[in-house]
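The next block holds one structure in the form of structure tokens; read it before the comments.
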Amino acid sequence: MFNSLTLNPQSLDERPARSSLPRVWIGFIFAAAFLMGEFVLLYFEGDEAGMLQLTPLALGGWIYWLVCVHRFHKILNEVSRNQYPITPAEAVWKHLIPFYNFVWIFRWPAGISEYLTSRGRVTMVSGHLLGLVLLASVLLGRFFDTAIGLAGVFAIGLYISAKMKKHIETLVTADMLPPAPDRDLFGYIQNAPSEATPPLELPS
């Protein structure tokens with residue numbers, strides 16, 4: 001994916017990201033809420049009209065997933081000094097292109113995996129394997145159970161987030177930290193002469 005026309009990750013002078021990683025665990029709340037809603041409808045023998053009431057939960061989960069994808073790519077652009085070839089907006093809107101979104105779901109994880117692995121700070125599994133799991137999760141969510149689909153998608157998000165966190169932590173070097181306190185300063189304070197108290201003179 002990376003070539004001379006896009007990005008040579010070995011030549012990058014990286015810097016720590018300004019943005020924080022997304023709270024991927026929030027996605028599991030959407031999955032759990034959807035699953036609980038299914039059990040409630042099953043208990044009360046709900047019909048398809050009842051399932052439509054769960055649509056906002058499913059839609060909210062998938063939107064939050066795109067928020068996470070946007071944040072992943074925003075951080076990669078910050079780390080690479082805007083040299084990473086996929087912009088945050090591109091990472092999101094290409095999910096919305098019919099048919100091509102099935103290709104894109106493989107391409108952007110492959111880009112992240114190749115970039116992070118090539119820098120030598122972390123090792124990731126193949127991005128195409130991540131894409132395969134994502135595709136399976138999306139299909140499960142679409143044709144079998146939305147809760148399982150969301151859980152699978154955000155499990156991949158947790159994996160990516162953990163690898164990115166480890167990579168970013170290695171970018172913080174000693175010269176980026178505030179200087180250590182001067183030991184001589186503490187020695188001076190400890191050994192500083194105190195003002196002598198004049199002796200009390202008693203009246204004769």
Side-chain angles (χ1 to χ4, degrees), residues 1-2 6-7 16-38 51-117 122 124-168:
M1 182 168 200
F2 297 110
T6 55
L7 173 65
R18 298 185 302 273
S19 302
S20 59
L21 286 163
R23 295 179 174 85
V24 181
W25 57 268
I26 293 177
F28 291 99
I29 296 179
F30 286 99
F34 193 95
L35 185 62
M36 290 178 61
E38 288 180 314
M51 288 297 296
L52 290 177
Q53 299 176 6
L54 300 179
T55 300
L57 284 174
L59 185 60
W62 293 115
I63 290 176
Y64 187 71
W65 169 244
L66 294 180
V67 170
C68 292
V69 172
H70 182 278
R71 181 63 64 85
F72 289 150
H73 288 81
K74 181 180 180 182
I75 290 174
L76 287 173
N77 274 271
E78 291 175 356
V79 167
S80 66
R81 301 176 186 270
N82 295 319
Q83 296 300 307
Y84 191 74
I86 303 175
T87 65
E90 178 186 9
V92 171
W93 69 262
K94 284 190 174 180
H95 281 88
L96 308 178
I97 303 176
F99 302 109
Y100 181 75
N101 53 0
F102 292 107
V103 177
W104 187 243
I105 210 171
F106 285 89
R107 293 200 63 184
W108 72 260
I112 291 180
S113 177
E114 185 175 349
Y115 175 80
L116 294 180
T117 301
V122 296
M124 290 185 65
V125 301
S126 168
H128 293 99
L129 177 59
L130 297 178
L132 184 62
V133 178
L134 283 175
L135 178 61
S137 299
V138 170
L139 294 178
L140 280 173
R142 176 64 179 85
F143 298 106
F144 181 66
D145 187 86
T146 300
I148 296 177
L150 286 173
V153 164
F154 285 105
I156 294 298
L158 278 180
Y159 175 80
I160 294 175
S161 181
K163 293 296 183 178
M164 290 184 64
K165 180 180 179 181
K166 185 176 180 181
H167 179 86
I168 293 170

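Counting from 1, the numbers follow the sequence of the chain as shown. The analysis underlying the following values was restricted to heavy atoms, covering all of them including side chains, and did not include hydrogens, waters or symmetry mates.
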**OP:** Output all residues satisfying side chain to side chain contact (heavy atoms under 4.5 Å, CB included) with Val67, sequence neighbours left out; order by chain, then residue number.
**Re:** Tyr64
Original post:
Are any non-hydrogen side-chain atoms of Leu76 and Tyr115 less than 4.5 angstrom apart?
Top reply: yes
**OP:** Identify the heavy atoms of Pro88 and Asn77 that sit nearest to each other, and give their distance.
**Re:** CD-ND2, 3.7 Å
**OP:** For the pair Ser113 (side chain) and Pro109 (backbone), establish whether a donor and an acceptor sit closer than 3.5 Å, ignoring hydrogens and angles.
**Re:** no
**OP:** List the atom of Val24, the atom of Phe72, and the distance in Å for their closest heavy-atom pair.
**Re:** CG2-CZ, 4.1 Å
**OP:** Hey, could you give me the NZ/OG1 distance between Lys74 and Thr87, rounded to the nearest 0.5 Å?
**Re:** 13.0 Å
**OP:** Can you measure from NE2 (His167) to CD1 (Ile112) and round to the nearest 0.5 angstrom?
**Re:** 11.5 Å
**OP:** Without swapping roles, check the side chain of Trp104 against the backbone of Val92 for a donor-acceptor pair under 3.5 Å.
**Re:** no
Original post:
What are the two closest heavy atoms between Glu78 and Arg18, and how far apart are they?
Top reply: OE1-N, 2.9 Å
**OP:** Check side-chain hydrogen bond (donor to acceptor under 3.5 Å, both in side chains) between His95 and all other residues, then give those that pass, not counting sequence neighbours.
**Re:** Trp108
Table please: side-chain donor-acceptor pairs of residues 140-162 below 3.5 Å, with sequence neighbours left out.
residue, atom, partner, partner atom, Å
Asp145, OD2, Ala147, N, 3.0
Asp145, OD2, Ile148, N, 3.1
Thr146, OG1, Gly141, O, 3.3
Tyr159, OH, Val125, N, 3.0

**OP:** Measure the shortest side-chain to side-chain distance between Phe99 and Val103 over non-hydrogen atoms and say whether it is less than 4.5 angstrom.
**Re:** no
Original post:
Quick one: does Ile63's side chain get under 4.5 Å of Phe30's, heavy atoms only?
Top reply: no
**OP:** State the CG-CD1 distance between Leu132 and Ile105, to the nearest 0.5 angstrom.
**Re:** 10.0 Å
Original post:
Hey, is CZ on Phe102 packed in by over 12 heavy atoms from elsewhere, all under 6.0 Å?
Top reply: no
Subject >> Summary of salt bridge (Lys or Arg N to Asp or Glu O under 4.0 Å) pairs that have at least one residue in residues 86-104, sequence neighbours excluded >> reply: Glu90-Lys94
**OP:** Would you please name every residue forming a side chain to side chain contact (heavy atoms under 4.5 Å, CB included) with Lys165, sequence neighbours left out?
**Re:** Leu21, Glu169
Original post:
Is the shortest heavy-atom distance from the side chain of Met124 to the side chain of Leu130 under 4.5 Å?
Top reply: yes
Original post:
So which heavy atom on Ala58 is nearest to which on Phe34, and how close?
Top reply: CB-CE1, 3.9 Å
**OP:** With sequence neighbours excluded, tell me which residues meet side chain to side chain contact (heavy atoms under 4.5 Å, CB included) with Ser126.
**Re:** His128, Leu129
